[in-house]
Amino acid sequence: MNSLSISQSPILRSLIVDPKSINLHLICVICQELVVDPKECSGCKILFCSICIFKQLEKNQSCQNCCQNIRLNDSHPIVRNLISEIQIKCINEGCSQQMQLSRLDSHLKQCEYEKTNCPHSGCNFKDCLQQMKVHQQICGYITKTCQKCKLIHKMNEEHDCLDIVIKKIKLMEKQIQQQNKIIRKLAKRLDQNEKKKNQQINDLCQHEFEQNQVMVKCDKCHLKNTQSICKKCGVCQCLECQLYEII
Ligand SMILES: [Zn+2]
Ligand SMILES: [Zn+2]
Ligand SMILES: [Zn+2]
Ligand SMILES: [Zn+2]
Ligand SMILES: [Zn+2]
Ligand SMILES: [Zn+2]
Ligand SMILES: [Zn+2]
């Protein structure tokens, strides 16, 4: 609960350090206690609790102070200020701190008796700061990394390191298989491109064979000095057997 919601709730009355010190203007004319979520009569400016005046309006439309037909306004900012200055006790059981209502929010941020939730996900533990410190030593929902298999797990979870390692290896094998598949695909495409390129060069080339005698034996006819190499596409032709071969 924060100071705003407390100022609009009857709980506020039970927190007041000294009820006799309350400014008389802040007393509801109907219930005679500190006004809660106050409204004021536009005629005489007297204050009512919202609950009190709405209940009364069901029976009677006139202000019981000025006897005029009532029109309600929100209370003046000064009223809200006066209420925020009321000295109250901390709402937390066990805490003996006292402060102005307006200081409650900042106090609760450091109140040792303020109950907070354990920050570790999945844990339902809720208690004051002191107990939370003790709990943090033993909370089963703190995550840690296993030194053997590097698995990140909650303290209260058991696991079999060997099992985890086997699973990891299987996963890696699967990844390697997939990568190999991709590599084979790429190699195939590269091969096709290469063939295509050679084909295109061959198609373009007219093989004049006017130069570059090669001093090797022809594989087919076994004669020397019968072969010519095409300067453009690298195709080799034996003039004897007219075989075309790509070098
Ligand atoms: Zn009242
Ligand atoms: Zn009035
Ligand atoms: Zn406190
Ligand atoms: Zn916990
Ligand atoms: Zn492990
Ligand atoms: Zn050629
Ligand atoms: Zn030949």
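The residues of the chain are indexed from 1 along the displayed sequence. These figures come from a predicted structure and were not determined experimentally. The figures here come from the full heavy-atom set of this structure, side chains too, leaving out hydrogens, waters and symmetry mates.
- Contacts of N180 classified as side-chain contact (heavy atoms from CB on, under 4.5 Å), with partners at least two apart in sequence or in another chain: I176, I183, R184.
- Nearest heavy atom pair, residue K148 against residue C161, reads CB-SG, 3.9 Å.
- Linking ILVMFWY side-chain heavy atoms closer than 4.5 Å, directly or via other members, places V17 and I22 in two distinct hydrophobic clusters.
- With rounding to the nearest 0.5 angstrom, the NE2 atom of H153 is 12.0 Å from the CD1 atom of I142.
- Of the inter-residue distances, the one linking Q64 atom CD with C41 atom SG reads 10.5 Å to the nearest 0.5 angstrom.
- Hydrophobic clustering, defined by side-chain heavy atoms of Ile, Leu, Val, Met, Phe, Trp and Tyr closer than 4.5 Å, leaves L4 isolated from every other such residue.
- Interatomic distance, CG of N23 versus CG of L47, reported as 9.5 Å (0.5 Å rounding).
- Proximity of K144 to K154: side-chain heavy atoms (C-beta onward) are nowhere separated by under 4.5 Å.
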So C90 and H107, side chain to side chain contact (heavy atoms under 4.5 Å, CB included) or not? Walk me through it. CA-CA 8 Å; C90 175; H107 167 71; 3.4 Å; yes

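- The shortest side-chain heavy-atom distance between N117 and F125 does not fall under the 4.5 Å cut-off.
- Annotation for S42 and N73: closest pair CB-ND2, 3.5 Å, computed over non-hydrogen atoms.
- Shown here for C149 and K168, the closest heavy-atom pair between the two residues is O-NZ, 2.8 Å.
- With a 4.5 Å cut-off on side-chain heavy atoms, L151 and T145 do not count as touching.
- Considering all non-hydrogen atoms of both residues, M99 and L104 come closest at SD-CA, 3.8 Å.
- In this structure, the side chain of R13 does not engage the main chain of E33 through any donor-acceptor pair within 3.5 Å.
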Hey, mind stepping through I164 and H159 against side chain to side chain contact (heavy atoms under 4.5 Å, CB included) and telling me if it holds? CA-CA 8 Å; I164 299 291; H159 74 276; 3.8 Å; yes

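- Taking hydrophobic clusters as Ile, Leu, Val, Met, Phe, Trp and Tyr residues chained together by side-chain heavy-atom distances below 4.5 Å, I51 does not share a cluster with I6.
- Y113 and G94 get closest at one heavy-atom pair: CZ-O, 3.5 Å.
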Full working for side-chain hydrogen bond (donor to acceptor under 3.5 Å, both in side chains) between Q136 and H120: CA-CA 9 Å; Q136 289 310 301; H120 302 291; 2.9 Å; yes

One pair to check against side chain to side chain contact (heavy atoms under 4.5 Å, CB included): I46 and E40. What are the steps and the verdict? CA-CA 5 Å; I46 201 127; E40 67 174 34; over 6 Å; no

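- The side-chain heavy atoms of L57 and L72, taken from C-beta on, include a pair separated by under 4.5 Å.
- Side-chain N or O atoms of N92 include none that pairs as donor or acceptor with a backbone N or O of C95 at under 3.5 Å.
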Under the side chain to side chain contact (heavy atoms under 4.5 Å, CB included) criterion, do L101 and S7 qualify, and how do the steps go? CA-CA 8 Å; L101 175 59; S7 72; 3.9 Å; yes

Donor-acceptor pairs under 3.5 angstrom involving side-chain atoms of residues 76-88: please list them, not counting sequence neighbours.
residue, atom, partner, partner atom, Å
H76, ND1, I78, N, 3.0
R80, NH2, S75, O, 3.0
S84, OG, N81, O, 2.8

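- More than 12 heavy atoms of other residues, nucleotides or ligands shown are found within 6.0 angstrom of CG on L171.
- Here CG of L129 is found 8.5 Å from SG of C111. Values are rounded to the nearest 0.5 Å.
- Taking 4.5 Å as the limit, every side-chain heavy atom of I70 sits out of range of all side-chain heavy atoms of S62.
- For the pair H135/C118, a side-chain contact is recorded, criterion being any heavy-atom separation below 4.5 Å from C-beta on.
- Ion pairing between D191 and K195 holds under the 4.0 Å rule for side-chain N and carboxylate O.
- In the displayed structure, Q130 atom CD is contacted under 6.0 Å by at most 12 heavy atoms of other residues, nucleotides or ligands.
- Heavy atoms only, all atoms of each residue included: V35 and F48 are closest at CG1-C, 3.8 Å.
- Expressed to the nearest 0.5 Å, how far CD1 of I91 lies from CG of L12 amounts to 11.0 Å.
- Considering only heavy atoms from C-beta on, K126 stays 4.5 Å or farther from M132 through its side chain.
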Test log, rule side-chain hydrogen bond (donor to acceptor under 3.5 Å, both in side chains), inputs N69 and Q61: CA-CA 6 Å; N69 216 6; Q61 294 289 315; over 6 Å; no

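- Counting heavy atoms from C-beta outward, C31 and C49 have side chains that approach closer than 4.5 Å.
- We find the CD-CG distance between Q200 and N193 to be 9.5 Å, quoted to the nearest 0.5 Å.
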